[in-house]
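All remarks here apply to the structure that follows.
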2 protein chains.
Amino acid sequence: MVKKTGRPGYLQIADELRERIRGGLLAPGEPLPSTAQLAEQFDASLSVVKMAMGILRNEGLVVGQQGKGVFVREDDQLAQDGDLRAEVTALRSAVQDLTRRLEQMEAALPAAARKAGA
Amino acid sequence: MVKKTGRPGYLQIADELRERIRGGLLAPGEPLPSTAQLAEQFDASLSVVKMAMGILRNEGLVVGQQGKGVFVREDDQLAQDGDLRAEVTALRSAVQDLTRRLEQMEAALPAAARKAGA
DNA sequence: CAAGCCAACTAGGTTAACCATGTTGGCTAT
DNA sequence: ATAGCCAACATGGTTAACCTAGTTGGCTTG
């Protein structure tokens with residue numbers, strides 16, 4: 001299944017699964033095949049499948065549940081909206097602001113960081 | 001360096017590097033320390049550092065050049081042209097990180113959380 | 001001196017192994 | 001029959017090893 005096109009296998013698998021999700025072949029809430037099954041289907045090693053899953057998880061397209069499986073995220077029809085750009089810009093500003101404020105808190109209250117970190 | 005906070009090490013490292021970039025500690029065009037150096041600095045294995053680098057690469061924050069190094073992406077506004085997905089991914093990670101840190105603060109300062117929240 | 005080779009670095013892909021942890025269904029013993 | 005255990009499966013994190021391939025600087029050789 002995985003082709004030797006120069007594009008690494010774990011990205012090919014991530015692409016394919018991403019497209020199945022976008023195309024509706026894998027519906028929201030539906031479980032993906034298990035890691036082992038995917039490895040067999042794609043004729044790939046467990047490792048590359050796990051890497052692909054990690055990417056999709058990081059992208060938020062899927063949600064893993066230990067012991068059960070990996071499921072297509074339910075709540076993101078937001079990805080279809082037209083004007084994401086403004087939304088992303090606003091989110092970035094909000095994150096930057098939160099980061100700054102949280103850093104001030106952590107700097108002012110090292111006890112919290114100590115308790116959490118060490 | 002990597003703390004046992006429940007958040008996996010490769011995400012902690014990705015968080016830290018992402019913040020260095022956003023904060024300007026690592027300027028656009030500037031090379032990151034090599035994988036080996038980062039592993040030593042974070043007291044982590046090469047593997048987790050490589051995983052962290054893969055995430056940042058996937059997010060488009062950095063660009064790797066085989067044989068040379070990994071560099072902070074120069075055109076920071078590139079995300080405006082196509083790939084909102086990577087931008088959203090980065091923001092999601094940032095939010096996860098902020099959430100984790102804020103929860104630690106709240107756990108360490110229950111009085112403050114009570115006063116502010118409920 | 002100059003050309004070229006080579007060793008030592010770099011990123012990146014792949015695989016395998018080990019462990020922790022959560023779920024589930026079936027079997028066993030009471 | 002039921003309660004509880006347990007094996008088989010699941011995700012997820014970590015580490016190590018091996019390989020490809022590009023870069024760079026120094027040394028050797030012509």
Would you confirm whether A:Arg73, through its side chain, and A:Gly60, through its main-chain N or O, come within 3.5 Å as a donor-acceptor pair? yes

Regarding the side chain of B:Ala36, the nearest nucleotide among C:dA20, C:dA11, C:dT10 is C:dT10

For the atom pair CG (A:Leu17) and CZ (A:Arg22), what is the distance rounded to the nearest 0.5 Å? 13.0 Å

The side chain of A:Arg57 is closest to which nucleotide in this list: D:dC18, C:dA11, D:dG13? D:dG13

Can you tell me how far P of D:dT15 sits from CZ of B:Phe42, to the nearest Å? 14 Å

Could you tell me the separation between the CE atom of A:Met53 and the P atom of D:dT14, rounded to a whole number of Å? 18 Å

Between A:Arg7 and C:dG12, is there a side-chain N or O to OP1/OP2 distance below 4.0 Å? no

Take the protein atom CD of A:Gln66 and the nucleotide atom P of C:dG22, then report the distance between them rounded to whole Å. 6 Å

Over how many whole Å does the gap from A:Leu46 atom CG to D:dT11 atom C1' extend? 12 Å

For the side chain of A:Thr35, starting at C-beta, report the closest nucleotide among C:dT10, D:dT11, C:dT15. D:dT11

Among the nucleotides C:dG12, C:dT15, D:dT14, which one has an atom lying closest to any side-chain atom of A:Ser45? C:dT15

Value in whole Å for how far the P atom of D:dA10 lies from CD of A:Glu40: 11 Å

OP1 or OP2 of C:dT14 under 4.0 Å from side-chain N/O of A:Tyr10: no

Send over the distance from B:Gln65 CD to C:dG12 P, rounded to a whole Å. 9 Å

Closest to side chain of B:Lys50, choosing from D:dA17, D:dT15, C:dA11: D:dA17

When we call it a touch if two heavy atoms are under 4.0 Å apart, what does B:Gly54 touch: a base, just sugar-phosphate, or nothing? nothing

Between D:dT14 and B:Ser47, is there an OP1 or OP2 to side-chain N/O distance shorter than 4.0 Å? no

So, for B:Leu32 and B:Phe71, which heavy atoms are closest and what is the spacing to 0.1 Å? CD1-C, 4.4 Å

Nucleotide nearest B:Pro8 when distance is taken to its side chain, options C:dG13, C:dG22, D:dG13: D:dG13

Choose from C:dT10, C:dG12, D:dT23 the nucleotide whose nearest atom is closest to any side-chain atom of B:Lys68. D:dT23

Rounded distance in Å - CZ (B:Phe71) to C1' (D:dG22): 12 Å

For the backbone of B:Ala27 and the side chain of B:Glu30, can you confirm whether one donor and one acceptor N or O come within less than 3.5 Å of each other? yes

Quickly work out the A:Asn58 CG to D:dT11 C1' distance and round it to whole Å. 16 Å

Within a 6.0 Å radius of atom CD on A:Glu40, are there more than 12 heavy atoms belonging to other residues, nucleotides or ligands? no

Upstream residue (5' side of DNA chain C) when B:Val63 and A:Val48 are each assigned their closest nucleotide: B:Val63

